[in-house]
Amino acid sequence: MSIHDETATGRVVGTVELDVPGTVTLRELIRLRVREEVARYNARPVERFQGLVRPTAAEEDLNGYRMPGQTRIDWERQADAAVAAFGHNAFFVLVDDRQVEDLDAELSLDEASRVAFIRLVQLVGG
């Protein structure tokens, strides 16, 4: 199934393909998504990591997170950071246009399900 990263206006800015079992909690979905994006990066490191949350060693820039050299990322640490970021309202998740607010909410997903992660941008000077 496809998981989309979207702006607050609904513009798709990234997509991750996942093999999701029928029913998962939101917490499990976040962890599955992060595990996949980290595995992709670790298999073929590039200058910028495109992922849900910034790895510890990376610097944020306009096109993702700039990585120092070819640093490997620990997916479990990254997944823990993503779950914590959800708890701090850094992003929210829509499943079939319904916001899911509880990390332990069970989601019944199939190929027709529409899942979107919307990252919230902090305002400067506000």
Side-chain angles (χ1 to χ4, degrees):
M1 82 175 304
S2 295
I3 305 239
H4 303 285
D5 287 336
E6 297 181 3
T7 65
T9 61
R11 183 173 60 89
V12 175
V13 293
T15 301
V16 176
E17 295 295 325
L18 288 181
D19 198 14
V20 179
T23 302
V24 295
T25 64
L26 178 57
R27 181 186 318 272
E28 292 167 331
L29 180 63
I30 291 169
R31 293 182 68 80
L32 285 169
R33 180 237 162 98
V34 170
R35 185 178 69 192
E36 177 62 28
E37 65 193 18
V38 168
R40 252 188 319 175
Y41 173 82
N42 285 340
R44 184 170 284 162
V46 292
E47 183 180 348
R48 286 182 179 78
F49 175 74
Q50 301 290 325
L52 186 58
V53 294
R54 180 177 61 84
T56 305
E59 294 180 24
E60 191 165 356
D61 72 10
L62 291 175
N63 298 311
Y65 304 107
R66 186 185 322 264
M67 297 296 293
Q70 293 187 352
T71 306
R72 288 191 58 79
I73 300 172
D74 176 345
W75 82 265
E76 289 179 316
R77 188 172 181 186
Q78 193 72 3
D80 290 345
V83 169
F86 178 85
H88 297 316
N89 299 317
F91 64 91
F92 63 95
V93 179
L94 299 176
V95 176
D96 296 327
D97 296 323
R98 179 182 61 87
Q99 185 172 347
V100 182
E101 298 177 1
D102 181 359
L103 283 167
D104 297 316
E106 288 195 354
L107 310 171
S108 295
L109 303 173
D110 58 33
E111 289 299 319
S113 298
R114 174 126 173 74
V115 179
F117 282 68
I118 294 90
R119 201 174 334 203
L120 301 175
V121 179
Q122 293 182 351
L123 299 176
V124 177

Rounded at 0.5 Å granularity, tell me how far [atom1] in [X] sits from [atom2] in [Y].
X: F117; Y: L29; atom1: CZ; atom2: CG; value: 4.5 Å
X: E17; Y: M1; atom1: CD; atom2: CE; value: 9.0 Å
X: F91; Y: E6; atom1: CZ; atom2: CD; value: 14.0 Å
X: T15; Y: I3; atom1: OG1; atom2: CD1; value: 10.0 Å
X: Q99; Y: L94; atom1: CD; atom2: CG; value: 6.0 Å
X: L32; Y: W75; atom1: CG; atom2: CH2; value: 7.5 Å

Exercise. Evaluate whether atom CG of D104 has more than 12 neighbouring non-hydrogen atoms of other residues, nucleotides or ligands under 6.0 angstrom away.
Key: yes
If hydrophobic clusters are built from ILVMFWY residues whose side chains come within less than 4.5 Å, do [X] and [Y] share one?
X: V12; Y: V93; value: no
X: V83; Y: F92; value: no
X: V46; Y: V16; value: yes

Exercise. Output, in order, the C-alpha distance, side-chain angles, deciding distance and verdict of side-chain contact (heavy atoms from CB on, under 4.5 Å) for V53 and V34.
Key: CA-CA 9 Å; V53 294; V34 170; 5.5 Å; no
Shortest non-hydrogen separation from [X] to [Y] and the atoms involved:
X: R119; Y: G51; result: NH1-O, 3.0 Å
X: T71; Y: P68; result: OG1-O, 2.6 Å
X: D74; Y: E76; result: OD1-N, 2.9 Å
X: D61; Y: R48; result: OD2-NE, 2.6 Å
X: D102; Y: L26; result: O-CB, 3.7 Å
X: S108; Y: S113; result: O-OG, 4.0 Å

Self-check item: Non-hydrogen side-chain atoms of I73 and M67 separated by less than 4.5 Å
Solution: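 A side-chain contact under 4.5 Å exists here.
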Quiz item: Heavy-atom distance under 4.5 Å between the side chains of R98 and L107, does that happen here?
Solution: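 When only atoms from C-beta onward are counted, L107 and R98 do touch, with a gap below 4.5 Å.
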Self-check item: Criterion side-chain contact (heavy atoms from CB on, under 4.5 Å) on R40 and R44, from CA distance to verdict
Solution: CA-CA 6 Å; R40 252 188 319 175; R44 184 170 284 162; over 6 Å; no
Exercise. Check step by step if side-chain contact (heavy atoms from CB on, under 4.5 Å) holds for R33 and D5.
Key: CA-CA 11 Å; R33 180 237 162 98; D5 287 336; 2.7 Å; yes
Practice problem: Dump the intermediate steps for side-chain contact (heavy atoms from CB on, under 4.5 Å) on F49 and Q78, then the final yes or no. | Solution: CA-CA 12 Å; F49 175 74; Q78 193 72 3; 3.9 Å; yes
